[in-house]
Amino acid sequence: MSEVKPERNLALELVRVTEAAALAAAPWVGRGDKISADNAAVNAMRFILASVDIDGTIVIGEGEKDNAPWLYNGEKVGNGKGPKVDVAVDPIDGTSLTANGQLNALSVIALADQGSLYSPKSVFYMNKICVGPDAKDAVDIDAPVAENLRKVAIAKEKRISDLTVMLLNRPRNDEMIKQIRLAGARIRLIQDGDVAGAVMAARPNTGVDLMMGIGGTPEGVIAACAMLTLGGTLQGRLAPQLEDEKRNAAAEGLDLKQVLHTHDLVKSQNSFFAATGITDGELLMGVRYEATGATTQSIALRSRSGTVRIVNGEHRPEKLVGLLNSIG
């Protein structure tokens, strides 16, 4: 019997998963408790994911970094009745953003054919550069920062001073921040939210031209799934920051000099990506409450068809309470 292939648009089913996680996390927005917010999102995502018609295995999960008991690497998810797939999850891309009530926190999930997602193993950090389709042939992670900015500006028919670069506000990115400023480009520093930053760089009208710097390896793999639909590109190189990471990388035989392109991070051309806004942002509207219930906004991507859908959801109060009670 031939293996079942994911032919239908699973991204639309995955929106249910990210909606549930976003709705569960939303009551914790601005309350300063990122652990409770993350736990709520994890439980909700796992609860709804169990009903999706896939035979999935978590490849990118909460994992060792977060010491999570659920949605860990290797966990089986879905109801087992559908195609065999690798699953990458980030119940909250931006836990600090959620806890502090800041922009661009998302709930994210992606999947692709079994065996196709790159496993970062125990190396949590990666140097990345990500752009949209208009500049995908202009970037080279090995090139100097100023050269990348010059070529992206030409590709986008802008001046370097018109470009906005998004990157994480971390000491490990200080030298890159310095080089971007010397080149004359504008910078948007973020405290969290690697996946949102990459997708914003590849989407029109977000005000972000490219994302650069050292961020999360798992987030890089998830973002690569989105790039397959959006037509952008993500280049990365593992950049272990901790001594444990460096020892693990050596023990696992990882090549720290290898440039990982989108097709290295996601070897299948059949990927799906879904995200729902938890807080408002340039990419998606966050969860909002009215007397009639809650509203959500999500994005659903399917690489095979190149389809991008923005999904607006309305959730009646009595149904919403029932969902949250079931999860809790």
Has [X] got a side-chain atom pairing as donor or acceptor with [Y]'s backbone, closer than 3.5 angstrom?
X	Y	result
T98	A105	no
D38	K34	no
E314	N312	no
R172	Q241	no
T262	L234	yes
S161	G184	no
D192	S96	yes
T217	V123	yes
T233	K136	no
N173	N169	no

Between N127 and M176, does a side chain to side chain contact (heavy atoms under 4.5 Å, CB included) hold up when you go through it step by step?
CA-CA 11 Å; N127 187 24; M176 184 170 288; 4.1 Å; yes

Quick one: salt bridge (charged side-chain N to carboxylate O under 4.0 Å, His left out) partners of D174, sequence neighbours excluded?
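Checked D174 against salt bridge (charged side-chain N to carboxylate O under 4.0 Å, His left out); zero matches.
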
Write down the atom of [X], the atom of [Y], and the distance for their closest heavy-atom approach.
X	Y	answer
L260	L265	CB-CD2, 4.0 Å
A202	P133	O-CD, 3.8 Å
A138	V152	CB-N, 4.1 Å
I92	A41	CG1-CB, 3.6 Å
D93	D194	OD1-N, 3.4 Å
I141	G236	CD1-CA, 3.8 Å

Once rounded to the nearest 0.5 Å, what's the spacing between atom [atom1] of [X] and atom [atom2] of [Y]?
X	Y	atom1	atom2	result
L14	L111	CG	CG	5.0 Å
I54	K84	CD1	NZ	11.5 Å
Q235	I129	CD	CD1	6.5 Å
N100	T95	CG	OG1	9.5 Å
I299	F273	CD1	CZ	7.0 Å
M166	T206	CE	OG1	7.5 Å

More than 12 heavy atoms from other groups under 6.0 Å of [atom1] on [X]:
X	atom1	answer
K178	NZ	no
K267	NZ	no
I154	CD1	yes
N205	CG	no

Sort out for me which residue in V77, T18, N79 forms a side-chain contact (heavy atoms from CB on, under 4.5 Å) with L49.
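Single side-chain contact (heavy atoms from CB on, under 4.5 Å) partner of L49 among V77, T18, N79: V77.
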
Hydrophobic cluster membership, [X] vs [Y], 4.5 Å side-chain cutoff:
X	Y	answer
L103	L167	no
Y118	M227	yes
L210	V145	yes
F47	L71	yes
L189	L283	no

For D162, what residues pass the side-chain hydrogen bond (donor to acceptor under 3.5 Å, both in side chains) criterion, not counting sequence neighbours?
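Once residues adjacent in sequence are excluded, the partners of D162 under the side-chain hydrogen bond (donor to acceptor under 3.5 Å, both in side chains) criterion are R159.
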
Among all residues two or more places apart in sequence or in another chain, which pass the side-chain hydrogen bond (donor to acceptor under 3.5 Å, both in side chains) test with Q258?
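Result, side-chain hydrogen bond (donor to acceptor under 3.5 Å, both in side chains) vs Q258: none returned.
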
Residue pair [X] / [Y], side-chain heavy-atom distance below 4.5 Å:
X	Y	answer
I109	V87	yes
T279	Q102	no
Q179	P144	no
S268	L228	no
P120	M126	no
P83	L10	yes
L256	P240	yes
Y72	I58	no

Can a side-chain donor-acceptor contact be found between R186 and T164 if the only test is distance below 3.5 angstrom?
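Checked: T164/R186 side chains pair up, N/O donor to acceptor below 3.5 Å.
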
Among side-chain atoms of S36 and R31, is any donor-acceptor pair under 3.5 angstrom?
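Not at all, the side chains of S36 and R31 share no donor-acceptor pair under 3.5 Å.
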
Less than 4.0 Å between a side-chain N and a carboxylate O, is that true for [Y] and [X]?
X	Y	value
D134	K156	yes
K246	E243	yes
K128	E219	no

Using the side-chain hydrogen bond (donor to acceptor under 3.5 Å, both in side chains) rule, pick out the option among E252, E245, R247 that qualifies with S122.
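Only match with S122 under side-chain hydrogen bond (donor to acceptor under 3.5 Å, both in side chains): E252.
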
Before you tell me yes or no, could you show the steps for D86 and Q114 under side chain to side chain donor-acceptor pair (under 3.5 Å), namely the whole-Å CA-CA distance, both residues' side-chain angles and the distance that decides it to 0.1 Å?
CA-CA 5 Å; D86 288 347; Q114 187 180 55; 5.6 Å; no

Are V15 and R309 close enough, and set up right, to give a side chain to side chain contact (heavy atoms under 4.5 Å, CB included), and what steps lead you there?
CA-CA 10 Å; V15 166; R309 287 184 171 89; over 6 Å; no

Residue pairs fulfilling ring pair (Phe, Tyr, Trp, His ring centres under 6.0 Å) with at least one residue in residues 243-263, sequence neighbours excluded
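Counting only pairs at least two positions apart or across chains, the ring pair (Phe, Tyr, Trp, His ring centres under 6.0 Å) contacts touching residues 243-263 are H261-H263.
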
Keeping to residues at least two apart or across chains, list the salt bridge (charged side-chain N to carboxylate O under 4.0 Å, His left out) pairs with something in residues 273-287.
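Sorted result for residues 273-287: R188-E282, D280-R288.
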
Contact list for residues 141-151, test side chain to side chain donor-acceptor pair (under 3.5 Å), sequence neighbours left out
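Every pair satisfying side chain to side chain donor-acceptor pair (under 3.5 Å) with a residue in residues 141-151: D142-R237, E147-R150.
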
Criterion side chain to side chain contact (heavy atoms under 4.5 Å, CB included) on L117 and S271, from CA distance to verdict:
CA-CA 10 Å; L117 291 188; S271 70; over 6 Å; no

